[in-house]
Every structure is written in C-alpha cells, then in structure tokens.
Amino acid sequence: KAGVTQTPRYLIKTRGQQVTLSCSPISGHRSVSWYQQTPGQGLQFLFEYFSETQRNKGNFPGRFSGRQFSNSRSEMNVSTLELGDSALYLCASSLAGISGNTIYFGEGSWLTVV
Amino acid sequence: DAKTTQPNSMESNEEEPVHLPCNHSTISGTDYIHWYRQLPSQGPEYVIHGLTSNVNNRMASLAIAEDRKSSTLILHRATLRDAAVYYCILRDPPGTYKYIFGTGTRLKVLA
C-alpha cells in the first residue's frame, strides 16, 4: 500500500514568488492535513481538509491556502513568499470519521526561500 | 489550549528499556494521547495512542496515569534505529485532526 506522496521534495524560490505543493494521500483516506516544520517553531498545524472542505485552520496568515480535490488529493499554496517561509512542509492523511484515528505523514517538501 | 511537556533529550544504552515521559495536564476527558516519532529527514511516524488504559503494540507500550495528566512511552529494548525525536501530542479541539506538537524528546541510543 503506497504511503502519502508529496511533490516536489525540494524546491528553491525567491522572495515575493508563490509556490504550490502537492499531496497524494493514502488510497481510501479522505482527510488531508498540512503542517509546517521549522527549527524555531517546530511542527505547526496549517489546515485540514475533508471531502473538499476545510475543517480546521491553524494560526497562519492568509498567504497560506489550500484545497482538496474530489479524489482527496490536496494542494497548498503560499503566495508572496518571505524568507521565514523556508521550512519543511508535511502532509498527513487519515481515514477520518473515527475518533482516535491516526494520521500518516509523507516525507515532506523542503522549501527554501532566498 | 492543549499543551504537552517533555524533556528535551534523553539517552539510553542499546537493548535497554527506555521510558519517555510526557505531561499533559490540560487534556480533556475525551481526547486521546498520541505518540509519534521523527527520524532524521523523514516525516513523523505513528508510534501508539491511547485513551485511559495502558496500550501495547509491536513498537512500544503506553502507560497512562490514572488522572490522565501524564503518560509514559516505553520502548522495551532500544535499538540504534530508535534514535529519533519523540512527540507526545494532543489534538485541539479534541477529536479533530488538528495535532498540537510540542518540542519533543530527542532520544539518543548508545551502542
């Protein structure tokens, strides 16, 4: 069974540009959530999608957005990139609908903003 | 706000048991305690989760205090491959998929 797949794995962008990251969840998983990991702030929740609807959102500015497609694949977008957006962006998927259900992470997309 | 407190780092000798503590005094009555670990250059990996009673799986055991304000992850025989950052996690709001990660415990396993 394939795991959570994130693309691209590594990318470098310039300040002011925008970036789109993609996530393919485990087959059958309908919930997809996104996290940002930096050395200073650790792992922080960005948002979670279920059935193409955003269910929860973390404390990030509006430059961070996401969406989910009907096949449960998800994308997140960061506009007007800042140096502080350099981070590992992690996607996680879950069956959802069951309290206590676990989430499974991908290997992440490493974003460097220069 | 959901919050967990863990020691920054711990060391263990190979093939000895390891007890990783976590305090979560703000836990609600219905929320599970989750443990994940993160190996270098990888995404977090599920270890175990529990609600009230102790839990065991092939990777580890989870001992939960009676008042649920603390828990301990037990690795029965540490191996070099267990060297990782271990996170004790709550969800906020409970029952959602919004995981609140603390700073975690960096486990070093000595050969």
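Letters go in sequence order (proteins before strands), and every chain restarts at 1.
Other residues, nucleotides and ligands place no more than 12 heavy atoms under 6.0 Å from the CZ atom of R106(B). Enclosure of atom CG in N59(A) is not indicated, since only 12 or fewer non-hydrogen atoms of other residues, nucleotides or ligands lie within 6.0 angstrom. Open room surrounds CZ on R15(A); 12 or fewer heavy atoms of other groups in view lie less than 6.0 Å from it. Sparse packing is recorded around CZ of R77(B), with 12 or fewer heavy atoms of other residues, nucleotides or ligands lying under 6.0 Å away.
In this structure a side-chain-to-backbone donor-acceptor pair under 3.5 Å is missing from Y36(B) to F105(A).
No continuous path of ILVMFWY side-chain contacts below 4.5 Å connects W110(A) to V19(A), so the two sit in separate hydrophobic clusters. One hydrophobic cluster, built from ILVMFWY side chains closer than 4.5 Å, holds both V113(A) and F60(A). Neither Y89(A) nor L39(B) shares a network with the other; the hydrophobic side chains, linked directly or stepwise wherever heavy atoms of I, L, V, M, F, W or Y lie under 4.5 Å apart, form separate groups for each.
P93(B) has its side chain within reach of N56(A): a pair of non-hydrogen atoms, C-beta onward, lies under 4.5 Å apart.
The OH atom of Y46(B) lies 7.0 Å from the OH atom of Y104(A); values are rounded to the nearest 0.5 Å.
Contact annotation for Q41(A): neither backbone nor side-chain heavy atoms come within less than 4.5 Å of a heavy atom of chain B. Looking at Y35(A), the atoms closer than 4.5 Å to chain B (heavy atoms on both sides) all sit in the side chain, from C-beta outward. For I103(A), the parts lying under 4.5 angstrom from a heavy atom of chain B are both the backbone and the side chain. Of the two parts of E45(B), neither the backbone nor the side chain holds a non-hydrogen atom closer than 4.5 Å to a non-hydrogen atom of chain A.
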**Prompt:** Run the side-chain contact (heavy atoms from CB on, under 4.5 Å) check on Y97(B) and F50(A) step by step: do they pass?
**Reply:** CA-CA 10 Å; Y97(B) 291 90; F50(A) 177 76; over 6 Å; no

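Heavy atoms only, all atoms of each residue included: K57(A) and K98(B) are closest at O-NZ, 3.8 Å. For P44(B) against L90(A), the heavy-atom pair with the smallest separation is CD-CD1, 3.8 Å.
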